[in-house]
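See structure below.
Both counts, for ligands and for their atoms, begin at 1 and track the order of listing.
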Amino acid sequence: MNDLSEQICRRMAVTGPVSLADYMAECLFHPTLGYYTTAAVFGATGDFITAPEVSQMFGELMGLALAQAWVDQSCAAPATLAELGPGRGTLMADLLRATRAVPGMHAALSVNFLEASPQLREQQRTALSGHPTNWIDRIEDLPEAPLFLIANEFFDALPIRQFVRDGSGWRERLVTETDGGLGLCLSEPGRIEALEHRLTDTSDGEVVELCPSLPSVVTEIARRIANHGGCAIVIDYGDWRSRGDTLQALKHHAPVGPFDGPGEADLTAHVDFEAIAAAAIAAGATASPPVAQGVLLERLGITERAQALAKAMPNATALENHIAAHRRLTHPQEMGSLFKAIAIYRPGSPPPPGF
Ligand code: SAH
């Protein structure tokens with residue numbers, strides 16, 4: 001058992017078993033032993049590579065999509081340019097570079113980052129090399145202003161709860177102490193208000209997931225967009241409606257058990273795009289249908305951008321890597337289909353480009 005599993009066990013000796021969401025939150029954000037607070041998590045030497053780390057084209061194209069949306073909305077000013085969970089800051093750095101020439105855009109938009117990890121905030125500061133940036137602790141702290149927002153692989157890190165169908169109720173999968181480690185047990189069955197609609201499309205023994213913090217995060221975003229204008233682009237792996245156990249632990253690019261070494265692996269779960277759309281609509285905004293990442297990037301012109309960049313590659317190895325990165329972002333067997341994007345925008349306004 002590592003230090004964090006011992007702490008979790010000591011706590012459970014008092015509280016009893018905890019939800020997977022509580023467990024995930026401890027593993028990811030424990031102030032000294034949490035995954036995002038301790039590890040060098042991104043890139044080839046870390047545990048996973050995200051789209052902005054694969055190629056500069058990802059952040060550039062997202063930047064141009066948001067810039068076009070901003071221009072389409074009469075160059076709203078002052079307005080907010082926000083990113084949720086910016087990681088190393090690569091996406092925003094590429095976005096800002098690609099939009100430098102859009103007249104008035106950088107002056108009108110103030111950059112806001114929602115980031116829980118102090119270590120990653122430092123990396124983001126460096127990546128943005130002096131561009132004025134405001135870090136917020138809670139989504140509620142976003143300014144009341146037109147909001148142009150991007151979130152890549154943020155929602156998959158939000159803690160989830162899991163439930164197993166049992167007759168007309170559900171048993172929650174809870175984390176408990178087992179022989180020399182941590183494992184799962186089931187709660188007593190009960191009705192769950194938020195899962196009533198799933199009684200029609202699941203059968204006994206099936207697992208569904210709920211992300212308790214997702215609705216409030218989406219509501220804060222969608223309400224600002226409905227009231228003040230703007231749009232949000234959310235990209236993540238997942239699908240329309242949660243089905244089955246999707247909790248995944250990754251360490252050094254390989255899957256490990258979610259209880260093997262708490263805090264040592266990245267824990268994520270598929271994002272339920274239906275839940276994002278439902279919360280956005282309930283808050284008065286519109287949601288696009290989800291679009292596969294590969295399709296979105298093609299619509300935004302990744303092939304033309306890739307060809308232009310290819311001409312400037314210094315040698316054959318760089319060119320090979322560049323072609324592989326393009327493929328990785330767009331090909332259905334790589335990130336192209338598993339990852340989806342959804343746009344939140346104002347009713348009556350056009351969706352951002354690509355949606
Ligand atoms: N968007 C980046 C990083 C993805 S990893 C990229 O594409 O490379 C997830 C990011 O979200 C990290 O920066 C992590 O610290 C942050 N994060 C996850 N959950 C969070 C929460 N509840 N509040 C604030 N930041 C969070």
So if I count the atoms of ligand 1 from 1 in the order they appear, which ones are less than 4.0 Å from some heavy atom of [X]?
X      : value
Pro52  : 6 (C), 7 (O), 8 (O)
Leu120 : 12 (C), 13 (O), 15 (O)
Glu153 : 4 (C), 5 (S), 9 (C)
Gly87  : 2 (C), 3 (C), 13 (O)
Gly85  : 1 (N), 2 (C), 3 (C), 4 (C), 10 (C), 11 (O), 13 (O), 16 (C)

- Query: Taking the six-membered ring for Trp, is the centroid-to-centroid distance between Tyr35 and Phe29 below 6.0 Å?
  - Reply: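 Ring centroids of Tyr35 and Phe29 are no less than 6.0 Å from each other.
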
- Quick one: are the ring centres of His331 and His326 less than 6.0 Å apart?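 Not under 6.0 Å, so no.
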
Distance alone, cut at 3.5 Å: any donor-acceptor contact between the side chains of [X] and [Y]?
X      : Y      : value
Thr126 : Gln123 : no
Glu298 : Thr303 : yes
Tyr237 : Thr268 : yes

- Query: Do side-chain atoms of Asp245 reach the backbone of Leu247 as a donor and acceptor pair under 3.5 angstrom?
  - Reply: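 At least one qualifying donor-acceptor pair exists.
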
Nearest non-hydrogen contact with [atom] belongs to which option: [options]?
atom                    : options                       : answer
atom 6 (C) of ligand 1  : Ile150, Ile139, Thr50, Ile136 : Thr50
atom 19 (N) of ligand 1 : Tyr36, Phe29, Trp135          : Phe29
atom 15 (O) of ligand 1 : Gln119, Glu83, Glu115, Arg138 : Glu115
atom 7 (O) of ligand 1  : Asn152, Leu84, Asp137         : Asn152

- For Glu144, does the CD atom have more than 12 heavy-atom neighbours from other residues, nucleotides or ligands under 6.0 Å away?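 Yes, the 6.0 Å shell around CD holds more than 12 heavy atoms from other groups.
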
- Start with the C-alpha distance between Tyr345 and Phe355, add both sets of side-chain angles, then the distance that settles ring-ring contact (aromatic ring centres under 6.0 Å, His included), and finish with yes or no. CA-CA 11 Å; Tyr345 55 103; Phe355 289 91; 8.2 Å; no

- Message: Does any N or O of ligand 1 fall below 3.5 Å from an N or O anywhere on Gln124, backbone included?
- Response: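 Checking ligand 1 against Gln124, no N or O pair falls under 3.5 Å apart.
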
- Task: Could you tell me whether Ala157 and ligand 1 have an N or O pair separated by under 3.5 Å?
- Result: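 So ligand 1 has no N or O lying under 3.5 Å from an N or O of Ala157.
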
- Item | Ala116 and ligand 1 - part of the residue with a heavy-atom distance under 4.0 Å |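 It is both backbone and side chain that touch ligand 1.
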
- Answer yes or no for Leu91: is there a heavy-atom contact with ligand 1 below 4.0 Å?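 In this structure, Leu91 fails to qualify as a contact of ligand 1 - no heavy atom is under 4.0 Å.
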
- Do Glu209 and Arg243 meet the salt-bridge criterion of a basic N to acidic O distance under 4.0 Å?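 Not counted as a salt bridge, because no side-chain N and carboxylate O are separated by less than 4.0 Å.
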
